[in-house]
Amino acid sequence: MNDIVLLGSTGSIGKQTLDVCRAHNIRVRALSANKSVELLEKQAREFSPEYVAVSEKKYYGDIKSRLADTEIKILCGTEGLCSLAALSCGKVVNSIVGMAGLMPTLAAIEAGNDVALANKETLVTGGKLVMDAVNRRSVRLLPIDSEHSAIFQCLMGAGENRFSKIILTASGGPFFGKKCSELENITKEQALKHPNWSMGAKITIDSATLMNKGLELIEAVWLFGATHEQVEIVIQRQSIIHSAVEFEDGSIIAQLGSADMRIPIQLALTYPKRLPCLAKRLSLFDVGELTFAHADEETFTCLAAAKYAIAKGGNAPCTVNCANEAAVRLFLNGRIRFLDIGEAVNGALADVKFTENPTLSELLETQQAAEEYVLGKFN
């Protein structure tokens, strides 16, 4: 492991990935961002990658001008991201937000690159396509999400021993314990105040609606070969137990740690080695107590929709994901209410045409149909 390609370098996961690269002298061969060209320029000048890409083509001229005095090659658009993902490297780190991460993930796998995956939408929308490609190309797909990294760590060394259940933990977000009547007038500022984690805006809203946990359930099914019935969601308010695995003999193995994403990021980059980490060490004395509760699917209907979607299969998970992405954008722009997000997701699930074994082009059609449904509903 001597170099990486980092997709989504200016987001929360991307910036923390670069913290790990600084700490362990990991070479960054390429960087990409959506539109934060000023930060992207700063990162490029520090890490001197061979390539830089912006996903939005309208920022191509800006970043090209900013880096004109360097030898860095500048790319743009989905094609540019896929070109970076296909570069020969130790690992491709995909921390792009949303379904936009799917095609670069497939490009990385087809090029024979191992992928450190923080883009959960890759597996939510195209799980079968991605896992078929992983198996065909014999590459590693290493999870960065704290929960999936925890499950991965619990299974390390398990050998032929099989799990009977995956225990997927959730903080419960800022509105744990509240009912629909208490969420009618929730503001963007309130929804963005996560009690334990510092994350990007989209994933923070997903945590507030519990959609994030629904997406993670779907991701866990694909990553670990589980059925949806084998994944149990448990609210763990302190975010100390990041997830656990129950084995056939009833033994439960859990992974604990501080709420710092640099721990799972670093493991994905340095696996199978564990190296000293910048994260604060966990003190169980400071934690004091750990609590557990059920998730409220009647109030947080996004979670219920995600569970229904993975049970149905086909393009249903893609539908709920893409409807959610569109609805979250509208909420962040002040165009819909907080509870409208769940209404949009469930409505799209009922409205968008179901396809049992979707191709990549059919998944892209599903994305368009789900987005059009949401925009039409609230126009």
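Both backbone and side-chain heavy atoms feed into the values below; hydrogens, waters and symmetry mates do not.
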Participant: Of all residues at least two apart in sequence or in a different chain, which pass the ring pair (Phe, Tyr, Trp, His ring centres under 6.0 Å) check with Phe300?
Facilitator: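 In terms of ring pair (Phe, Tyr, Trp, His ring centres under 6.0 Å), with neighbours along the sequence ignored, Phe300 is linked to no residue.
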
Participant: When you look at Leu31 and Val28, which way does the side chain to side chain contact (heavy atoms under 4.5 Å, CB included) test go after all the steps?
Facilitator: CA-CA 7 Å; Leu31 295 167; Val28 180; 3.5 Å; yes

Participant: Side-chain contact, heavy-atom cut-off 4.5 Å: Leu217 with Lys307?
Facilitator: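 Result yes, sub-4.5 Å side-chain heavy-atom pair found.
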
Participant: Consider only side-chain heavy atoms of I, L, V, M, F, W and Y, link residues closer than 4.5 Å, and tell whether Val345 and Val97 are in one cluster.
Facilitator: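 Val345 does not cluster with Val97.
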
Participant: Output, in order, the C-alpha distance, side-chain angles, deciding distance and verdict of side-chain hydrogen bond (donor to acceptor under 3.5 Å, both in side chains) for Gln236 and Gln238.
Facilitator: CA-CA 6 Å; Gln236 207 288 289; Gln238 296 79 19; 2.4 Å; yes

Participant: Applying side chain to side chain contact (heavy atoms under 4.5 Å, CB included), can you list everything that pairs with Ala293, at least two apart in sequence or on another chain?
Facilitator: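 Partners of Ala293 under the side chain to side chain contact (heavy atoms under 4.5 Å, CB included) test: Phe176, Ile235.
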
Participant: To the nearest 0.5 Å, what is the distance between NZ on Lys35 and CD on Glu56?
Facilitator: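 Answer for the NZ-CD pair, Lys35 versus Glu56, is 6.0 Å.
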
Participant: Would you confirm whether Thr319, through its side chain, and Asn315, through its main-chain N or O, come within 3.5 Å as a donor-acceptor pair?
Facilitator: yes

Participant: Supply the atom-to-atom distance Gln16 CD to Ile265 CD1, rounded to the nearest 0.5 angstrom.
Facilitator: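 Spacing of CD (Gln16) from CD1 (Ile265) equals 5.0 Å.
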
Participant: Looking at every non-hydrogen atom in both residues, tell me the closest pair between Leu129 and Thr359 and how far apart they are.
Facilitator: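 Nearest heavy atoms, Leu129 then Thr359: CD1-C, 4.2 Å.
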
Participant: What pair of heavy atoms forms the shortest contact from Ala323 to Ala344, and how long is it?
Facilitator: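 Ala323 and Ala344 have their closest heavy atoms at CB-O, 4.2 Å.
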
Participant: Check the pair Gln367, Thr125 against side-chain hydrogen bond (donor to acceptor under 3.5 Å, both in side chains), reporting the backbone distance first and the verdict last.
Facilitator: CA-CA 9 Å; Gln367 177 186 25; Thr125 59; over 6 Å; no

Participant: Taking only residues two or more places apart in sequence, or in another chain, which ones meet Asp286 in a salt bridge (charged side-chain N to carboxylate O under 4.0 Å, His left out)?
Facilitator: none

Participant: Are there more than 12 heavy atoms of other residues, nucleotides or ligands under 6.0 Å from atom CG of Asn185?
Facilitator: no

Participant: In the structure I gave you, are the side-chain heavy atoms of Ile233 and Glu216 within less than 4.5 Å of one another anywhere?
Facilitator: no

Participant: Any chance you could lay out the side chain to side chain contact (heavy atoms under 4.5 Å, CB included) test for Leu155 and Asn161, step after step, and finish with the verdict?
Facilitator: CA-CA 9 Å; Leu155 293 172; Asn161 295 304; over 6 Å; no

Participant: Supply the atom-to-atom distance Gln230 CD to Phe163 CZ, rounded to the nearest 0.5 angstrom.
Facilitator: 5.0 Å

Participant: Please collect all salt bridge (Lys or Arg N to Asp or Glu O under 4.0 Å) contacts where either partner lies in residues 179-195, sequence neighbours excluded, each pair once.
Facilitator: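 Non-adjacent pairs meeting salt bridge (Lys or Arg N to Asp or Glu O under 4.0 Å): Lys179-Asp296.
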
Participant: Output yes when a side-chain donor or acceptor of Asn94 lies under 3.5 Å from a complementary backbone atom of Gly101, and no otherwise.
Facilitator: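 Yes: the side chain of Asn94 pairs with the backbone of Gly101.
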
Participant: When you measure from the side chain of Ser32 to the backbone N and O of Gly8, does any donor-acceptor pair fall under 3.5 Å?
Facilitator: yes

Participant: Could you check Met261 against Ile13 for side chain to side chain contact (heavy atoms under 4.5 Å, CB included), going step by step and ending with a plain yes or no?
Facilitator: CA-CA 7 Å; Met261 284 303 300; Ile13 295 296; 3.7 Å; yes

Participant: Charged N to carboxylate O below 4.0 Å: is that the case for Glu219 and Lys120?
Facilitator: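 Salt bridge: no.
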
Participant: Please check: side-chain N/O of Ser164 versus main-chain N/O of Glu246, any donor-acceptor pairing under 3.5 Å?
Facilitator: yes

Participant: If you group Ile, Leu, Val, Met, Phe, Trp and Tyr whenever their side-chain heavy atoms sit less than 4.5 Å apart, what else falls in with Val352?
Facilitator: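 Noted: Val352 shares its cluster with no other residue.
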
Participant: Does Arg29 have any salt bridge (charged side-chain N to carboxylate O under 4.0 Å, His left out) partners at least two apart in sequence or in another chain, and if so, which?
Facilitator: Glu50

Participant: To the closest 0.5 Å, what do you measure between NZ (Lys73) and CG (Leu67)?
Facilitator: 13.0 Å

Participant: Kindly give the cluster partners of Ile240, where membership spreads through any ILVMFWY side chain lying under 4.5 Å from a current member.
Facilitator: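 Via sub-4.5 Å side-chain contacts, Ile240 links to Ile167, Val234, Ile241, Ile252, Leu256, Leu282, Leu284, Val287, Leu290, Phe292.
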
Participant: Side chain to side chain contact (heavy atoms under 4.5 Å, CB included), that's the test. Do Leu141 and Met131 meet it? Break it down for me.
Facilitator: CA-CA 9 Å; Leu141 193 60; Met131 297 312 297; 3.9 Å; yes

Participant: Just wondering, do Thr209 and Phe331 contact through their side chains at under 4.5 Å, heavy atoms?
Facilitator: no

Participant: Going hydrophobic residue to hydrophobic residue with side-chain gaps under 4.5 angstrom, can you get from Val20 over to Leu39?
Facilitator: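 The answer is no; the residues belong to distinct hydrophobic clusters.
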
Participant: Between Lys15 and Thr10, what is the shortest heavy-atom contact and its length?
Facilitator: CE-O, 3.6 Å

Participant: Below 4.5 Å, heavy atoms only, C-beta onward: do Ser9 and Leu40 meet side chain to side chain?
Facilitator: yes

Participant: Do you know the tightest heavy-atom contact between Cys21 and Leu269?
Facilitator: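 Distance-wise, the nearest heavy atoms are SG-CD2, 4.3 Å.
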
Participant: With side chains defined as the heavy atoms from C-beta onward, is the minimum distance between Thr17 and Gln266 less than 4.5 Å?
Facilitator: no

Participant: Would you list the pairs meeting salt bridge (Lys or Arg N to Asp or Glu O under 4.0 Å) in which at least one residue belongs to residues 261-282, sequence neighbours left out?
Facilitator: Asp19-Arg262, Asp260-Arg262

Participant: Heavy atoms only: give me the nearest Lys312-Phe354 pair and the separation to one decimal.
Facilitator: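 So the two residues come closest at CE-CD1, 3.6 Å.
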
Participant: Which residue pairs satisfy the salt bridge (Lys or Arg N to Asp or Glu O under 4.0 Å) criterion with at least one member in residues 329-355, sequence neighbours excluded?
Facilitator: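 Residue pairs with at least one partner in residues 329-355: Arg329-Glu371, Arg337-Asp340, Glu343-Lys377.
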
Participant: Would you compute the distance between atom CD1 of Ile26 and atom CG of Asp3 and round it to the nearest 0.5 angstrom?
Facilitator: 9.5 Å

Participant: Give the cluster check for Met156 versus Phe247: same hydrophobic cluster or not, with ILVMFWY residues linked at side-chain heavy-atom distances below 4.5 Å.
Facilitator: yes

Participant: Is there a path from Leu275 to Val93 through hydrophobic residues (I, L, V, M, F, W, Y) whose side chains come within less than 4.5 Å of each other?
Facilitator: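 Per the 4.5 Å side-chain linkage, Leu275 and Val93 are not co-clustered.
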
Participant: Just wondering, are more than 12 heavy atoms of other shown residues or ligands nearer than 6.0 Å to OH in Tyr308?
Facilitator: no

Participant: Do His242 and Gln153 have side chains that get closer than 4.5 Å, going by heavy atoms?
Facilitator: no

Participant: Under 6.0 Å from the CD atom of Glu248, do we count more than 12 heavy atoms belonging to anything else shown?
Facilitator: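 Enclosed: over 12 neighbouring heavy atoms sit under 6.0 Å from CD of Glu248.
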
Participant: Output every pair passing salt bridge (Lys or Arg N to Asp or Glu O under 4.0 Å) with a member in residues 198-207, not counting sequence neighbours, ordered by first then second residue.
Facilitator: Glu121-Lys202, Lys202-Asp206

Participant: Does any part of the side chain of Ser243, heavy atoms only, come nearer than 4.5 Å to the side chain of Ile166, both counted from C-beta?
Facilitator: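 The answer is no, as the side chains (C-beta and beyond) never meet within the 4.5 Å cut-off.
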
Participant: So which atom in Arg237 and which in Ser171 form the shortest heavy-atom distance, rounded to 0.1 Å?
Facilitator: NH1-O, 2.7 Å

Participant: Would you say Glu229 has more than 12 foreign heavy atoms packed within less than 6.0 Å of its CD?
Facilitator: yes

Participant: Considering only heavy atoms from C-beta outward, does the side chain of Asn324 approach that of Val320 to under 4.5 Å?
Facilitator: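 SC-SC contact between Asn324 and Val320 ruled out.
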
Participant: Give the other cluster members for Ile96, using side-chain heavy-atom distances under 4.5 Å between Ile, Leu, Val, Met, Phe, Trp and Tyr residues; answer none if it is isolated.
Facilitator: Val5, Leu7, Tyr51, Leu75, Leu81, Leu84, Leu87, Val92

Participant: CD1 of Ile144 to CZ of Phe152: how many Å apart, nearest 0.5 Å?
Facilitator: 11.5 Å

Participant: With sequence neighbours excluded, what pairs up with Gln190 under the side chain to side chain contact (heavy atoms under 4.5 Å, CB included) test?
Facilitator: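 Partners of Gln190 by the side chain to side chain contact (heavy atoms under 4.5 Å, CB included) criterion, ordered by chain and then number, come out as Phe175, Ile186, Thr187.
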
